[in-house]
Amino acid sequence: MKSFRHRFGILIVCILTFIFFLSACGGSKGQSPREITKLKAHQWYYFSHRGFYPIELPQNAPEVAAKPWTEAIRISAAGNNTSDNCALVNRLGILDFTTGKPELFRDVLLFDQVTADTLLFTEHGPVFHLYKNTHFNQQSQSSIDGQTKTKEEAFARPLLVRYDRQQKLCTPVLTYGNMNLPLDAQLTSIIPQDERWIGAVKTLRNNVVNFTYLTFQALDKDGAIPDADKSVIPTEEIDADTFRQAQQPTPLKNAPAPLQQLFAQVPESFEFYLSCREEGKLAPVLYDNTRNQSPVGGYLAQGWGFLSTAGAAALFSDGTVYITKSLLLGGDDAQTPADGVIAFRLPKLPAGFSYGEFTIQGSTLYAGWEETDFYKTARSGFIAVNLSTIGAQLH
């Protein structure tokens with residue numbers, strides 16, 4: 001879940017990345033990463049409430065009012081498994097990259113007035129999480145204060161939703177009623193852990209916010225979420241420390257070798273967190289590359305990673321990309337950590353803009369971008385980058 005620490009973390013990452021590139025190597029030749037703007041291998045897109053549209057530059061997108069990130073149109077998550085590749089667009093729908101070109105599937109009724117977060121990839125398709133931020137969502141707060149909710153309404157509130165790429169449909173597979181939660185509760189965080197789930201439940205009563213934490217068994221061994229069909233799932237309450245411990249990052253030194261290879265040339269003084277999605281895995285893993293458990297950013301990611309059988313890649317918010325040659329060139333050209341990684345920079349964004357989560361489909365990298373001001377988001381969209389063109393120029 002994002003917070004002030006996330007925004008502050010992005011700022012720190014940009015500063016640290018800048019310092020790093022003044023002193024570090026971008027490849028085996030000791031050069032700083034090259035910006036790809038002049039290669040003309042990319043296309044910008046921006047979001048509106050109706051969909052997405054091509055644009056020459058992000059700063060040319062129509063002005064929009066800044067909103068808290070939970071209420072704004074923006075890419076909140078992106079990733080892939082062996083059959084699906086998509087991004088979750090808050091307040092809009094699913095942006096599907098599986099066919100090799102971006103396609104948006106809007107669902108006005110499902111995405112309206114809720115925050116879409118926590119994109120997971122099960123063997124039965126992508127699954128995402130819905131909740132309402134009662135601090136910023138005025139409609140949500142007024143309904144809590146002025147209406148008497150019923151058990152039927154609770155069962156009607158989607159909690160986890162599956163995206164069916166074949167049918168182009170989003171179908172709720174778990175509701176707030178299935179969890180037997182209080183009618184005014186919001187499950188603001190929900191993550192899989194082994195064969196269980198853990199979640200944070202927020203309630204707001206008489207202007208007092210309370211959090212409780214729970215765990216429940218709702219995953220089969222294959223990662224499937226059973227359709228509850230209005231049955232109540234048994235839950236067990238856990239304490240806050242157990243919840244926090246479950247979210248602690250993994251040291252980068254314990255990451256798979258291809259991911260570690262990306263940073264073989266990076267000085268140890270460059271500390272960061274990396275949320276990495278591995279092909280075939282249900283959820284991303286947060287890796288910690290700080291020496292002293294740096295308080296900057298807490299346990300929130302400051303960069304994003306991608307790992308598959310073809311190779312690995314990482315993107316930071318300033319647009320710096322590390323990628324194995326095998327993934328960039330579409331073949332197994334990686335020989336050693338020094339020779340097998342290329343670093344480059346996505347086109348520089350204007351002040352106040354930053355890159356976000358990314359995914360790779362075939363030879364195209366798709367990365368979100370957004371205009372941010374503290375905890376608010378204004379304009380947003382994504383960039384499509386042709387890796388084949390970049391690889392032909394930079395390898």
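We're numbering straight along the sequence, starting at 1. Computed from heavy atoms alone, side chains included, the values below leave out hydrogens, waters and symmetry copies.
Between the T215 side chain and the W197 main chain, a donor and an acceptor come within less than 3.5 Å of each other. Proximity of a side-chain donor or acceptor of Y322 to a complementary backbone N or O of Q261 within less than 3.5 Å is not detected. Counting only distance, with no hydrogens or angles, the side chain of D164 and the backbone of G125 share no donor-acceptor pair below 3.5 Å. Checked by atom type and distance alone, the side chain of T324 never pairs as donor or acceptor with a backbone atom of G340 at under 3.5 Å.
In this structure, F211 and T188 have side chains that are in contact, with non-hydrogen atoms separated by less than 4.5 Å.
Pairs engaging residues 45-57 under the side-chain hydrogen bond (donor to acceptor under 3.5 Å, both in side chains) rule: none recorded [sequence neighbours left out]. Screening residues 248-263 for salt bridge (charged side-chain N to carboxylate O under 4.0 Å, His left out), with sequence neighbours left out, gives no hits.
Between Y287 and F263, the ring center distance fails the sub-6.0 Å criterion.
A donor-acceptor contact closer than 3.5 angstrom links the side chains of E35 and T37.
Under the rule for a side chain to side chain donor-acceptor pair (under 3.5 Å), the partners of D239 that lie at least two apart in sequence or sit in another chain are T242. Residues passing the side chain to side chain contact (heavy atoms under 4.5 Å, CB included) test with T364 are Y366, A384, sequence neighbours excluded. For K348, the salt bridge (charged side-chain N to carboxylate O under 4.0 Å, His left out) test picks out no residue, with sequence neighbours left out. Partners of Q43 under the side chain to side chain donor-acceptor pair (under 3.5 Å) rule, at least two apart in sequence or in another chain, do not exist in this structure. Among residues two or more places apart in sequence or in another chain, the side chain to side chain contact (heavy atoms under 4.5 Å, CB included) test is passed with T212 by V201, E237. Considering only residues two or more places apart in sequence or on other chains, N90 meets the side chain to side chain donor-acceptor pair (under 3.5 Å) condition with none of them. Here R106 pairs with nothing under the salt bridge (charged side-chain N to carboxylate O under 4.0 Å, His left out) rule; sequence neighbours left out. When the salt bridge (charged side-chain N to carboxylate O under 4.0 Å, His left out) test is applied to R277, the partners found at least two apart in sequence or on another chain are E357. Under the rule for a salt bridge (charged side-chain N to carboxylate O under 4.0 Å, His left out), the partners of R205 that lie at least two apart in sequence or sit in another chain are D184. Every residue meeting the side chain to side chain donor-acceptor pair (under 3.5 Å) condition with Y163, not counting sequence neighbours, appears here in chain and number order: D96.
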